[in-house]
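Notes follow the structure.
Order of the sequence lines sets the chain letters (A, B, ...), proteins ahead of strands, with each chain counted from 1.
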There are 2 protein chains.
Amino acid sequence: MRYSKQREEILKIIRNTNVHPTADWVYEQVRKTIPNISLGTVYRNLNQLVAAELILSIKDNTVVRYDGNVNPHNHFKCLRCGNVYDVEIPENDFIPQINRIGAHRVTNVRLELEGICADCVQKEKLN
Amino acid sequence: MRYSKQREEILKIIRNTNVHPTADWVYEQVRKTIPNISLGTVYRNLNQLVAAELILSIKDNTVVRYDGNVNPHNHFKCLRCGNVYDVEIPENDFIPQINRIGAHRVTNVRLELEGICADCVQKEKLN
DNA sequence: AATATTAATAGTAATCATTATTGTTATTGT
DNA sequence: ACAATAACAATAATGATTACTATTAATATT
Ligand SMILES: [Mn+2]
Ligand SMILES: [Mn+2]
Ligand SMILES: [Zn+2]
Ligand SMILES: [Zn+2]
């Protein structure tokens, strides 16, 4: 993987936010410094960065979001505002060693949480 | 929701399989008895059946799968062959009462498992 | 039973996120 | 410098799903 300023900028943007951005959001941001960048370039580099394990991709409904935090962690999605939050769950407390389910060999356990976020709960109380 | 033989046939097909079919798979099946059915009709009815809670929808990568088993249960996806299996996990053993994460109100907990299924593990051993 | 109402249909066009293609540019090794 | 080619910008293609439109058929009303 040879250097490009486009990829450097994309990585910087993802590492400096905690909004779990979509490709489109990244595109809007990077255009501020590289106005003529192509959306295809953003997608290509996001895929390369995921392959290189420099970022994570998380699926959210019909879109893919990206995450600069490569430490394994879970996510909570607010059904009201759509924001995605990191969740620090001591995984061992909730998910004991699942190596096998029946005769299936389990390699990947993902916990997906949904609900109403703190901000939206707060706003709800003001009505 | 008024009666239609198309919807009846679609529901029957989904209830009589355990493959967690996609809209396209259902379309191929229902065409055997209703050859001129439209793919749009399949999608429309699948959505109606989900809304009426007669079937479940589960997201799998870029496609939506449907499930005639409306009892809450988890799924295991084989990364080798792509099959989706039901998983009987006594949920309370793995997911204690999560009502709140920090100040977020959790309403929905989903456990997603991936790995190599029993069949594929077996085939692997024959090499 | 005939007629009216309108939900549901078949056929097809549109949408939207993502990927592929193509000709050009820029990075890297010699 | 120069050659090799990865990465680029621009744009076309893809694929799952949804929307549109004229027609058909299920149910209600006479
Ligand atoms: Mn995260
Ligand atoms: Mn199932
Ligand atoms: Zn919220
Ligand atoms: Zn398998």
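- Between A:Ile37 atom CD1 and D:dA9 atom C1' there is a gap of 10 Å when expressed in whole angstrom units.
- Between A:Val84 and A:Arg65, the closest side-chain pair of non-hydrogen atoms falls below 4.5 Å.
- The aromatic rings of B:His104 and A:Tyr85 lie tilted to each other, with the angle between the two planes from 30° to 60°.
- Side-chain atoms of B:Ile34 and B:Gln6, non-hydrogen and from C-beta on, do get closer than 4.5 Å to each other.
- Regarding A:Tyr27, its OH atom lies at a distance of 14 Å from the C1' atom of C:dT18, rounded to whole Å.
- The distance between atom CD of B:Glu28 and atom P of D:dA16, rounded to the nearest whole Å, is 12 Å.
- When distances are taken from the side chain of A:Ser38 to each of C:dT18, D:dA9, D:dA7, the shortest belongs to D:dA9.
- Using a 4.0 Å cut-off, no side-chain N or O of B:Arg2 falls inside it from OP1 or OP2 of C:dT6.
- If you measure from atom CD of B:Gln48 to atom P of C:dA8, you get 5 Å, rounded to the nearest angstrom.
- When the side-chain nitrogen and oxygen atoms of A:Arg44 are compared with OP1 and OP2 of D:dA7, none of them lie within a distance under 4.0 Å.
- Of the candidates D:dA7, D:dC8, C:dA7, D:dC8 carries the atom nearest the A:Thr41 side chain, counting heavy atoms from C-beta on.
- In this entry C:dT30 has D:dA1 as its Watson-Crick or G-U wobble partner, both defining distances falling under 3.5 Å.
- Nearest-nucleotide positions on DNA chain D place A:Ile34 closer to the 5' end than the other of B:Asn47 and A:Ile34.
- Side-chain nitrogen and oxygen atoms of B:Tyr43 include at least one within less than 4.0 Å of the OP1 or OP2 phosphate oxygen of D:dT17.
- Of the residues in residues 3-16 of chain B, those lying under 4.0 Å from DNA chain C by heavy-atom distance are B:Ser4, B:Gln6, B:Arg7.
- Listed by chain and residue number, B:Arg44 satisfy the side-chain hydrogen bond (donor to acceptor under 3.5 Å, both in side chains) test with B:Thr41 (two or more places apart in sequence, or in another chain).
- Within the 4.0 angstrom heavy-atom criterion, only backbone atoms of the sugar-phosphate kind lie near B:Asn45; the bases stay farther away.
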